[in-house]
Amino acid sequence: METTTCDLLVIGGGINGAGIARDAAGRGLTTVLCEKDDLAQHTSSASTKLIHGGLRYLEHYDFMLVRKALIEREVLLEAAPHIIWPMRFVLPHQTGQRPAWLIRLGLFLYDHLGGRKRLPATQTLHRKKTHKFNPLKPEFRLAFEYSDCWVEDSRLVVLNAVDAADRGAEVLTRTRCGTLKREGDVWTATLSLPTGETRRVEARAVVNAAGPWVDDVDGLASPGRNQGHVRLVKGSHIITRKLYDGDHAYFFQNADGRIMFAIPYERGAFTLIGTTDVPFTADRDRVEASPEEVHYLCEGASTYFQTPIAPQDVVATYSGVRPLYDDQSENASEVTRDYVLSLNDDGPPILSVFGGKITTYRKLAEGALKTLAPFFPNLAPEWTECSPLPGGDMPGADFDSFFTDMAGTYPWLPADWARRFARAYGTRMIDLIGEATSVEDLGQHFGGGLTEAEVTYLIANEFVQSADDVLWRRSKLGLHLSEEEITAVSAWFERRPVQADPSASR
């Protein structure tokens, strides 16, 4: 059995695991990350796709969480302007819900808690003065418009993993941790590779960032020890054809006290609506929106939109399980969204990660390394706050200027292709295009602007091994392609030789 020796083994390839692996590799730790499926295949690709402070957390007086998230919003916007961008949110005021003065006070706090620099402040909107009321029922005459950011969530995970690999980490996808034991002053883990081979890893420390499976990994590390620290809450979203014009989103308040977003999705072709909060105890590998959740989201959005939304209008759904720290809250919506880091140092250390938000993943990673620092005396200092993610190194973090330059550099590239490349890959779109001087040079066109050149780039650089990796996580092109085109992508992968090592592309 092949044996690898490292400083840190990270189990879990969601946003927390990828962020910790990146931070650790950049501080000089030899790092191995293993993920039983694809990167971001579960919770981290099933979010509402927002970088935000969490306006609703102000109601729970969780000011520190909101402040931390708002500060990070600015940091991440600077680090990844290609996959993160500003978005305005329209919050219609509904009589009988929270009073207007209270909402405005909350938005004043939201504007100022995090030291907002780049995003515009809140405005009060009146129906007669803006088109943004057009899709809403006529009784909505007052609204508040505030700023947050959109993020391509699965790409955020992948870019963290890419940067970790660029800095020396080994990233192993479709690789399950089968055993985890303390042996002297190291952990020994057996990893099951997708080829059927087994690999042994000896690590000075382990990070358990397995998300919904965090208690399972803790059970491997400490057999017989009482687990049960995680509380699983399912969040579901529905996708419809475009419901309104404009690049702004809506923030709706439901009669049950929950909130809901309606957001332009996939270049404005669709509208994304979510989310739910439902306790979850079923199969974590098969998480789906229930008919009741679909009905709830349709009914909630129909309370505000003039044109009712019915389940038959839904073209797709997705669901994820949030691995929240069990703080004994009775209501699933009130369970803390802040992260908890649990250290077990009865021998070589293992750090288990509970909860967290995509917005604060980088701070979580810093917190994890700070907790592990006593075990690594030569650990380099924090570095990620001012370091762009792959593709984000554009002057002034100015995406529009960068895109204008790329459009001029590749005038033969269709405009919608060029924009999608720039959004997905940032400055690394140059590597994707390579020496091509025409669309034909990019190879087979599968549809929707997806070409053979892009697929081979993703295999070589972003740990892709299947059609689904390309169509649903490195992109959302599966929503745009026909069944025949999706089949063509799958057939292309079936014709490829089997890759022996999941890290060989790096």
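The shortest heavy-atom contact between F463 and A165 is CZ-CB, 3.9 Å. S222 approaches N344 most closely through the heavy-atom pair OG-ND2, 3.9 Å. Minimum interatomic distance between C6 and V201 (heavy atoms only, all atoms of both residues): SG-CG1, 3.8 Å. Counting all heavy atoms, side chain and backbone alike, P212 lies closest to V321 at CG-O, 3.6 Å. Residues D38 and D469 come closest through the heavy atom pair OD2-OD1, 3.1 Å. Heavy-atom minimum distance, Y361 versus L156: CE2-CD2, 3.9 Å.
The aromatic rings of Y146 and F89 sit parallel to each other, their planes meeting at less than 30°, with 60° as the upper class boundary.
Using a 3.5 Å distance cut-off with no hydrogens or angles, the side chains of Y57 and D338 do not pair a donor with an acceptor. For the residue pair H237 and T317, no side-chain donor N or O sits within less than 3.5 Å of a side-chain acceptor on the partner. Looking only at atom types and distance, the side chain of D37 has a donor-acceptor partner in the side chain of H42 under 3.5 Å away. Between the side chains of K476 and S154, at least one donor N or O sits under 3.5 Å from an acceptor N or O. For the residue pair N378/R27, the side-chain donor-acceptor check at 3.5 Å is not satisfied. No side-chain donor-acceptor contact under 3.5 Å links Y339 and N16.
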I'd like a table of donor-acceptor pairs (distance under 3.5 Å, sequence neighbours excluded) in which one partner is a side-chain atom from residues 263-271, with atom names and distances.
unit_1, atom_1, unit_2, atom_2, d
E266, OE1, H480, NE2, 2.8
R267, NH2, H480, NE2, 3.2
T271, OG1, L243, N, 3.0

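Expressed to the nearest 0.5 Å, how far NE2 of H93 lies from CG of L102 amounts to 9.0 Å. A distance of 8.5 Å separates CD1 of I259 from CZ of R98, quoted to the nearest 0.5 Å. One finds the CZ atom of R284 at 15.0 Å from the NZ atom of K234 (value rounded to the nearest 0.5 Å). Here L343 contributes atom CG and T371 contributes atom OG1; the two are 6.5 Å apart, rounded to the nearest 0.5 Å. To the nearest 0.5 angstrom, L76 atom CG is 7.5 Å from L389 atom CG. Atoms OG and CD1, from S47 and I358 in turn, are 3.5 Å apart once rounded to the nearest 0.5 Å.
Under the 4.5 Å side-chain criterion, counting only non-hydrogen atoms from C-beta, L91 is in contact with I103. Put simply, the side chain of R204 does not reach to within 4.5 Å of the side chain of L8, judged on heavy atoms. Side-chain contact between Y325 and R231 is absent, with no heavy-atom pair separated by less than 4.5 Å. Inter-residue side-chain proximity for V314 and C298 is flagged as met; some heavy-atom pair is nearer than 4.5 Å. Taking 4.5 Å as the limit, some side-chain heavy atom of L372 sits within range of a side-chain heavy atom of V207. E145 places none of its side-chain heavy atoms less than 4.5 Å from the side chain of F251. Residues L107 and D111 are not in side-chain contact: their nearest non-hydrogen atoms beyond the backbone lie 4.5 Å or more apart. Proximity of L77 to L119: side-chain heavy atoms (C-beta onward) are separated by under 4.5 Å at one or more points.
With respect to R174 and E35, no salt bridge is recorded, no charged nitrogen being found less than 4.0 Å from a carboxylate O. Ion pairing between a basic and an acidic side chain is recognised when a charged N comes within 4.0 Å of a carboxylate O; R118 and E74 show no such pairing. Salt-bridge annotation for D185 and R182: absent, with no side-chain N of the basic residue lying under 4.0 Å from a carboxylate O of the acidic one. Here R322 pairs with D277 in a salt bridge; the nearest charged N to carboxylate O distance falls below 4.0 Å. The existence of a salt bridge linking R56 and E59 is excluded, since no basic side-chain nitrogen approaches an acidic carboxylate oxygen closer than 4.0 Å. Electrostatic pairing of K370 and E366 does not count as a salt bridge here, judged by no charged N lying under 4.0 Å from a carboxylate O.
A donor-acceptor contact shorter than 3.5 Å links the side chain of N208 to the backbone of V214. Judged by distance alone, with hydrogens and angles left aside, the side-chain atoms of N254 form no donor-acceptor pair with the main-chain N or O of G257 at under 3.5 Å. At distances below 3.5 Å, at least one donor-acceptor pair connects side-chain atoms of T303 with backbone N or O atoms of E299. No donor-acceptor pair closer than 3.5 Å links the side chain of R155 to the backbone N or O of R473. In terms of modelled atom types and a separation under 3.5 Å, the side chain of T276 and the main chain of V278 share no donor-acceptor contact. Panel note: side chain W187, backbone P348; a donor-acceptor pair is recorded below 3.5 Å. At distances below 3.5 Å, not a single donor-acceptor pair connects side-chain atoms of D7 with backbone N or O atoms of T31. Side-chain N or O atoms of T48 include none that pairs as donor or acceptor with a backbone N or O of L50 at under 3.5 Å.
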Test log, rule side chain to side chain donor-acceptor pair (under 3.5 Å), inputs D153 and S45: CA-CA 6 Å; D153 54 3; S45 62; 5.9 Å; no
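For the side-chain hydrogen bond (donor to acceptor under 3.5 Å, both in side chains) with S236, the lone residue among E292, E288, E293 that qualifies is E293. Tested against S147 for a side-chain hydrogen bond (donor to acceptor under 3.5 Å, both in side chains), the candidates R88, R73, R116, Q123 yield a single pass: R88. Residue I20 forms a side-chain contact (heavy atoms from CB on, under 4.5 Å) with just one option from N160, L351, L364, L33, and that option is L364. Partner of Y250 under the ring-ring contact (aromatic ring centres under 6.0 Å, His included) criterion, chosen from Y244, F133, Y304: Y244.
A cation-pi geometry, defined here as NZ or CZ lying under 6.0 Å from the six-membered ring centre and within 45° of its normal, holds between K36 and W213. Because its NZ or CZ atom is both nearer than 6.0 Å to the ring centre of F399 and within 45° of the ring axis, R423 counts as a cation-pi partner of that residue.
A centroid separation of less than 6.0 Å is found between the aromatic rings of F305 and F252.
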